[in-house]
Amino acid sequence: MTGGHESDADRALMVVRLKSRQPDGSVVGESRRVCHLVAVPDSDSMPEFLVGYCGVRIFPGAAEILPAAVGMPCEPCMARSPISAFAMLRQFRDRLGIQSP
């Protein structure tokens, strides 16, 4: 990032998982309830939605913040994250369906 903002490597991350029952009443199947990595928003204001490193938009009330990395991880989130321990996943971008930056 530019303009005085912290780089992705310096940002705090949250682990979130979609709730099975969405705010609009729809149901999310277990296969979609993976644990996404989301950068903590820059500002004190509530963003319209959070964005996982995989690109998924997570709207208010649609997910739960997890206290730890538990459950099935979102592999594209891990591969795109700034966490160096996940760097090995970047070699599997094609298999994970991730576009190169």
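- Linking Ile, Leu, Val, Met, Phe, Trp and Tyr residues whenever their side-chain heavy atoms come within less than 4.5 Å leaves Val38 and Phe49 in two separate clusters.
- Residues Ala63 and Lys19 come closest through the heavy atom pair O-CE, 3.4 Å.
- Across all non-hydrogen atoms, the minimal contact from Arg80 to Gly55 is NH1-N, 4.0 Å.
- The hydrophobic cluster containing Val56 also contains Val16, counting ILVMFWY residues as joined when their side-chain heavy atoms lie under 4.5 angstrom apart, directly or transitively.
- Contact of the Tyr53 side chain with the Cys74 side chain is not registered, since no non-hydrogen atoms from C-beta on lie closer than 4.5 Å.
- Taking CG from Leu37 and CG from Leu50, the interatomic distance works out to 12.5 Å, rounded to the nearest 0.5 Å.
- The CZ atom of Phe59 sits 10.5 Å away from the CD atom of Gln22 when rounded to the nearest 0.5 Å.
- One finds a salt bridge joining Arg17 and Glu64 here, because a Lys/Arg side-chain nitrogen approaches an Asp/Glu carboxylate oxygen to under 4.0 Å.
- Val70 is not connected to Val34 by any chain of hydrophobic side-chain contacts under 4.5 Å among Ile, Leu, Val, Met, Phe, Trp and Tyr, and they are in different clusters.
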* Decide yes or no on side-chain contact (heavy atoms from CB on, under 4.5 Å) for Ser20 and Arg33, but give the supporting numbers first. => CA-CA 7 Å; Ser20 58; Arg33 294 191 67 225; 4.0 Å; yes

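- Cluster membership check: Leu18 does not share its hydrophobic cluster with Val27, using side-chain heavy-atom separations under 4.5 Å among Ile, Leu, Val, Met, Phe, Trp and Tyr.
- Pairing each heavy atom of Pro60 with each of Pro47, the nearest pair is CG-O, 4.5 Å.
- Of all the heavy atoms in Cys54 and Cys77, the pair that sits closest is N-SG, 3.4 Å.
- Looking at every heavy atom in both residues, Ala39 comes nearest to Met14 through O-CE, 4.5 Å.
- The two atoms that bring Pro73 and Met78 nearest to each other are CB-SD, 3.2 Å, heavy atoms only.
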